[in-house]
Amino acid sequence: MSLLDISALTVRAGAKTLVDGVTFSLDAGERVGIIGESGSGKSVTSLAALGLLPDALTATGSVRLDGSEVVGRSDAALRPLRGPVAQIVFQEPLTALDPLMRVGRQIAEPLRRHLGLRGAALREAVSRALAEVALPDARIARSFPFELSGGQRQRVAIAIALAARPRLLVADEPTTALDVTVQAGVLDLLETLVRERGMGLLFISHDLAVVSRMVERIVVMQGGVVVEEGPVTQIVGAPRHPYTAALVESARVLDSALDAGGSE
Ligand SMILES: Nc1ncnc2c1ncn2[C@@H]1O[C@H](COP(=O)(O)OP(=O)(O)OP(=O)(O)O)[C@@H](O)[C@H]1O
Ligand SMILES: [Mg+2]
């Protein structure tokens, strides 16, 4: 049984179809990427996968998360599933953080709720969670989100997402809002944590180079449909769909431009 099994998922906003018949799955411990141009339905698909679609959008088809059907279930019914099974990290870390709560307390919350930790054990777990995302400074726990840099905030958001030890992490453009120099560090961190814990990863990005580095298999979306799916080597080495070929070609052009620039 797959950890995430999406089958004929269609998402509509009124009469408008945003995502049409999306089907793919992700096994336990597997890393899968979704790539596609802006508006192709990557975020809508990933939100639907966790039952987090806004009220204005309706999903049909099936999404099974660790065997449980997500489509058509209420937010309240899904909440217990989300903590230990699947968590999401968004592009903008501030969406995940409470601006008025010190970050230590925000990390403590899921540790208390899902792992039942209290008192000294809870305080220790918070320090450990911060150290795991390379924020060992005790001052960070006492800071408010606005007192941290963008990279530090995203590390805190990752710590919160991972606190309940989910088996699947969905990361929707987790480094797009960050400075390039900070991006690499956050990607390294995500890669290490996912590998060490044997977690499944659904990694969304419009950047083929970044996706190829993070995952084993890529789902290519265009205009709300999956146009191609395969192992990274096949998608990059022998793309079948013209849109995928164009993505690979533009990544190549950029790469050789960077090479040329570097050798001057
Ligand atoms: N709440 C909503 N109501 C109506 N339409 C929406 C809503 N959210 C997204 N859409 C539409 O659904 C389509 C897919 O959007 P989605 O956010 O999934 O794209 P994306 O692939 O994540 O793009 P990006 O790379 O820019 O993040 C777009 O046409 C978008 O305008
Ligand atoms: Mg998006």
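Since the model is a prediction, treat every value here as computed from it, not as a measurement. Whatever order the structure lists them in is the order used to number ligands and atoms, beginning at 1.
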So, [X] and [Y], do they make that salt bridge, N to O below 4.0 Å?
X: Glu191; Y: Arg213; value: yes
X: Arg165; Y: Glu132; value: yes
X: Arg240; Y: Glu228; value: no
X: Arg113; Y: Glu109; value: yes
X: Arg167; Y: Asp66; value: yes

Less than 3.5 Å apart, any donor N or O on the side chain of [X] or [Y] sitting next to an acceptor on the other?
X: Glu69; Y: Ser62; answer: yes
X: His206; Y: Glu173; answer: yes
X: Asp5; Y: Ser25; answer: no

List the closest protein heavy-atom neighbour of [atom]: residue, atom name, distance to the nearest 0.1 Å.
atom: atom 27 (O) of ligand 1; answer: Ser43 OG, 4.0 Å
atom: atom 15 (O) of ligand 1; answer: Val44 CG2, 3.8 Å
atom: atom 31 (O) of ligand 1; answer: Lys16 NZ, 4.6 Å
atom: atom 25 (O) of ligand 1; answer: Lys42 NZ, 2.7 Å
atom: atom 1 (N) of ligand 1; answer: Pro54 CG, 3.8 Å

Handout entry: Short N/O/S contact of Ser38 with the Mg ion (ligand 2) (below 2.8 Å)
Key = no
Handout entry: Interfacing atoms of ligand 1 (cut-off 4.0 Å, heavy-atom, Ala13)
Key = 4 (C)
Practice task
Pull out every atom of ligand 1 sitting under 4.0 Å from any heavy atom of Ser40, numbered as shown with elements.
Solution key: 19 (O), 21 (O)
Handout entry: Contact check, Ala56 vs ligand 1, heavy-atom distance below 4.0 Å
Key = no
Problem - ligand 1 contact by Glu37, heavy-atom criterion under 4.0 angstrom - result: yes
Problem - Heavy-atom nearest option to atom 13 (C) of ligand 1, drawn from Gly39, Gly14, Gly224 - result: Gly39
Practice task
With heavy atoms only and a cut-off of under 4.0 Å, state how Met221 meets ligand 1: side chain, backbone, both or neither.
Solution key: neither
Handout entry: For ligand 1, the portion of Leu57 having any non-hydrogen atom under 4.0 Å away
Key = side chain
Handout entry: Leu3/Leu65 under side-chain contact (heavy atoms from CB on, under 4.5 Å): CA gap, chis, key distance, verdict
Key = CA-CA 6 Å; Leu3 183 53; Leu65 200 51; 5.6 Å; no
Handout entry: Check: Val133 main-chain N/O paired with Arg155 side-chain donor or acceptor under 3.5 Å
Key = yes
Ligand 1 to [X] polar contact by distance, N or O atoms, under 3.5 Å:
X: Leu18; value: no
X: Ser38; value: yes
X: Gly41; value: yes

Handout entry: Under-4.0 Å heavy-atom contact between protein and atom 19 (O) of ligand 1
Key = yes
Problem - Rounded distance [0.5 Å steps], CG in Asp137 versus CG in Leu130 - result: 9.5 Å
